[in-house]
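This report refers to the structure that appears directly beneath it.
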Amino acid sequence: MSSPARVRFAPSPTGRLHIGGARTALYDYLLARQTGGKFVIRIEDTDRMRFVPGAEAEIYAALSWLGMEWDEGPDIGGPYAPYRQSERTEIYLEHAKMLVDSDHAYYCFCTAERLATVRKEQQARKQAPRYDGLCRRLSPEEALDRKNAGESHVIRFKTPRQGKTTGIDAIRGEITVENASLDDYILLKSDGLPVYHLAAMVDDHLMEITHVLRTSEWLPTFPLHVLIYEAFDWEQPAWVHMSVLLNPSGKGKLSKRHGSGGAHAIYPIELKEAGYMPEAVVNWLALMGWSYDDRTEFFSMSDLIGKFSLAKLNASPAAVNFSKLDHFNGLHIRSLSEEDLASRLVPHFYAAEIEVTVAQLRPIVPLIQERSRTLDEAVEMSGFFFRDAVQPDPQQLIGKNMSPAESAAALARSIEVIQGFDRLDTESLELSLRKLSGDLDLKVGQLFGILRVAVTGQRVSPPLIETMEILGKELVLERLKQATELLESSK
RNA sequence: GCCCCCAUCGUCUAGGGGACCAGGACGUGGCCCUUUCAAGGCCAAGACCGGGGUUCGAAUCCCCGUGGGGGCACCA
């Protein structure tokens with residue numbers, strides 16, 4: 001184990017937390033827990049225009065649901081508070097001024113309009129859009145005068161015009177760019193608030209972040225960040241640029257909605273509502289861009305904490321595969337205790353307007369645990385247990401290769417057989433019904449199929465005999481009779 | 001247009017010069033089991049982007065091409 005890592009998840013509250021962000025947070029969390037370090041949350045809310053109320057709350061909710069507890073953050077504080085960038089504005093201003101004083105940055109008075117014009121001209125000339133350096137040439141005295149006169153200004157980084165800058169990425173090694181390809185990026189906006197390039201660097205340093213995990217979208221400006229650290233004469237953290245998540249088609253960055261036919265949720269909170277379990281989502285997310293070996297794929301959070309390693313992170317982008325999430329969810333459902341599964345099912349039954357208790361659910365859990373891939377699927381399959389009545393499709397009450405009359409007769413004979421029981425017990429009930437199918441010269445599947453639809457109202461259900469036992473003699477007879485009538489009246 | 005990154009089955013990946021006529025998983029197809037659906041078991045199809053090097057030897061190293069992704073805001 002390496003020395004304790006201080007890692008931060010630093011989302012901006014501009015929208016909902018999606019699975020890409022959740023995966024970044026997961027790797028942060030794993031690294032922190034594995035090394036006995038700290039997992040901190042920092043909210044990067046320096047963009048007032050894009051601020052979305054409620055976004056921060058959902059970030060917390062999603063991380064909590066996924067099982068990642070943080071050690072420091074805006075809501076719980078910590079030794080490096082405040083953790084919300086909008087509450088740290090003086091710090092950034094102070095640091096921006098430090099860079100001006102050391103000649104690593106300068107005041108710029110260009111208006112947005114001028115910049116737009118310059119950019120347009122450059123693009124027309126097929127040149128890379130970049131600041132033309134007008135204010136970089138101002139003398140410090142003149143700049144200070146204009147600034148003191150109250151002229152609106154920003155602070156720009158004085159990117160070296162010559163040479164190259166190299167940064168070390170933990171996944172890919174050296175990343176080198178020509179400084180000339182970098183811009184004199186704005187560090188502090190005219191509203192006095194910092195931009196990511198300044199705020200994140202300052203905070204990462206001040207908060208003593210040891211590993212910066214972010215997506216590869218930051219690779220192009222990575223050398224700039226290295227330069228900023230150098231300008232402050234700070235020690236570089238370990239830089240880790242993870243690959244981005246792609247749409248299932250492999251075309252383009254993961255976007256809000258997509259789908260071949262149906263759309264899948266890309267927000268953890270929606271996944272939760274759709275019946276996926278946090279353990280499965282974590283397992284699934286962990287494997288998008290990271291792997292352990294050539295065969296192990298089932299991981300609990302504590303497995304991951306033990307086995308995660310930056311060295312096994314993959315540099316190439318990964319297309320999201322939702323059918324694999326279904327698979328993992330099934331795996332995790334099956335790994336739960338029956339008691340646990342029952343209690344997790346309760347809210348999903350409520351969502352389907354079926355009010356049940358864990359105790360009521362307990363007996364049916366063994367019947368559905370092996371055959372459900374999502375919690376919602378389990379509800380769909382077993383909802384009939386708790387509904388007052390079922391509505392079978394008359395067409396489905398007709399057995400395979402059978403006439404309606406033959407089906408009705410089979411139903412009638414089944415009723416007789418069941419009436420002979422004091423209480424339904426699986427062993428003898430199965431024996432009796434199998435015998436009946438022989439007597440009727442039917443295949444077991446034909447008879448059971450009819451009974452299944454009659455009793456559950458569904459073609460797909462848990463095993464028939466066990467289902468009947470749980471339903472009980474009275475209810476089974478009632479539904480069987482109802483089905484018979486349905487068959488008669490639809491002739 | 002410029003810059004950066006990436007490149008193994010449809011998808012996620014193992015592989016870091018000989019152990020590879022390339023392994024696992026999802027998905028797909030088939031079979032078995034079977035009261036439906038699952039689960040489980042077995043089997044099958046399915047990939048090293050192309051071209052040059054380096055080397056006795058390249059999926060693995062280098063170069064070029066191509067393809068894909070990302071970035072080029074007073075967003076993050």
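Reminder, nothing fancy here: chain letters follow the sequence lines and each chain counts from 1.
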Should the pair [X]-[Y] be classified as a salt bridge under the 4.0 Å nitrogen-to-oxygen rule?
| X | Y | answer |
| --- | --- | --- |
| A:D132 | A:R119 | no |
| A:D28 | A:R8 | no |
| A:E297 | A:R295 | no |
| A:R371 | A:E377 | no |

(request) State whether the side chain of A:S300 and the backbone N or O of A:D303 hold a donor-acceptor pair below 3.5 Å, judged by distance alone. (result) yes
(message) Donor-acceptor check, side chain of A:R130 to backbone of A:S181, threshold 3.5 angstrom: yes or no?
(response)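 Judged by distance alone, yes, a pair lies under 3.5 Å.
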Interatomic distance where [atom1] belongs to [X] and [atom2] belongs to [N] [whole Å]:
| X | N | atom1 | atom2 | answer |
| --- | --- | --- | --- | --- |
| A:L219 | B:rG71 | CG | P | 11 Å |
| A:L245 | B:rC5 | CG | P | 21 Å |
| A:L287 | B:rU13 | CG | C1' | 8 Å |
| A:I186 | B:rA73 | CD1 | P | 10 Å |
| A:F328 | B:rU11 | CZ | P | 17 Å |
| A:N283 | B:rG24 | CG | P | 19 Å |
| A:K312 | B:rA14 | NZ | P | 6 Å |
| A:Y196 | B:rA73 | OH | C1' | 16 Å |

Nucleotide paired to [N] in any strand shown, Watson-Crick or G-U, under 3.5 Å:
| N | result |
| --- | --- |
| B:rA19 | none |
| B:rG67 | B:rC6 |
| B:rG1 | B:rC72 |
| B:rU34 | none |
| B:rG27 | none |

(message) ring-ring contact (aromatic ring centres under 6.0 Å, His included) for A:F157 and A:H197? Distances and angles first, verdict last.
(response) CA-CA 10 Å; A:F157 190 64; A:H197 303 308; 9.5 Å; no
(request) Indicate, with yes or no, if the rings of A:Y276 and A:H332 have centres closer together than 6.0 Å. (result)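 No, they do not, as the ring centres are separated by 6.0 Å or more.
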Euclidean distance for [atom1], [N] against [M] (whole angstrom):
| N | M | atom1 | answer |
| --- | --- | --- | --- |
| B:rU13 | B:rG27 | C1' | 14 Å |
| B:rC43 | B:rG18 | C1' | 31 Å |
| B:rC3 | B:rA14 | C1' | 33 Å |
| B:rG68 | B:rA73 | P | 23 Å |
| B:rA58 | B:rG17 | P | 14 Å |
| B:rC4 | B:rU60 | P | 23 Å |
| B:rG15 | B:rU8 | P | 14 Å |
| B:rG24 | B:rG70 | P | 32 Å |

Quick one: label [X] by what it contacts on the DNA or RNA (base, sugar-phosphate, nothing), any heavy atom closer than 4.0 Å.
| X | result |
| --- | --- |
| A:V177 | sugar-phosphate |
| A:G330 | nothing |
| A:I175 | sugar-phosphate |
| A:D47 | sugar-phosphate |
| A:K443 | nothing |
| A:S190 | base |

(message) Give me the atom names and distance for the closest heavy-atom approach of A:Q458 to A:M381.
(response) OE1-O, 3.2 Å
(request) Measure across A:P462 and A:I368 and return the closest heavy-atom pair with its distance rounded to 0.1 Å. (result) CG-CG2, 3.9 Å
[X], nearest nucleotide to its side chain (from [options]):
| X | options | answer |
| --- | --- | --- |
| A:N314 | B:rU11, B:rA14, B:rG70 | B:rA14 |
| A:T46 | B:rG24, B:rG1, B:rA76 | B:rA76 |
| A:W218 | B:rG23, B:rA76, B:rC74 | B:rA76 |
| A:P129 | B:rG1, B:rG71, B:rU13 | B:rG1 |
| A:K324 | B:rC12, B:rC6, B:rU13 | B:rC12 |
| A:P220 | B:rG1, B:rG71, B:rU13 | B:rG71 |
| A:E297 | B:rA25, B:rU11, B:rG69 | B:rA25 |

(request) State whether the distance check finds a donor on one side and an acceptor on the other, under 3.5 Å, for side chain A:R50 versus base B:rC75. (result)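 It does, because a donor-acceptor pair links the side chain of A:R50 to the base of B:rC75 below 3.5 Å.
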(message) What I'd like to find out is whether the side chain of A:L325 reaches to under 4.5 Å of the side chain of A:L285, using heavy atoms alone.
(response)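 The answer is no, as the side chains (C-beta and beyond) never meet within the 4.5 Å cut-off.
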(request) Between A:I171 and A:K126, name the one whose nearest nucleotide on RNA chain B is closer to the 5' end. (result) A:K126
(request) Hey, which sits more toward the 5' end of RNA chain B by its nearest nucleotide, A:D293 or A:K251? (result) A:D293
(request) Going 5' to 3' through nucleotides 29-48 of chain B, assign each nucleotide B (protein heavy atom under 4.0 Å from a base atom), S (under 4.0 Å only from sugar-phosphate atoms) or - (no protein heavy atom that close). (result) ------BBBBSS--------
(request) Considering just the side-chain nitrogens and oxygens of A:K189, establish if one lies under 4.0 Å of OP1 or OP2 belonging to B:rA73. (result)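 For A:K189, the contact criterion (side-chain N or O under 4.0 Å from OP1 or OP2 of B:rA73) is not met.
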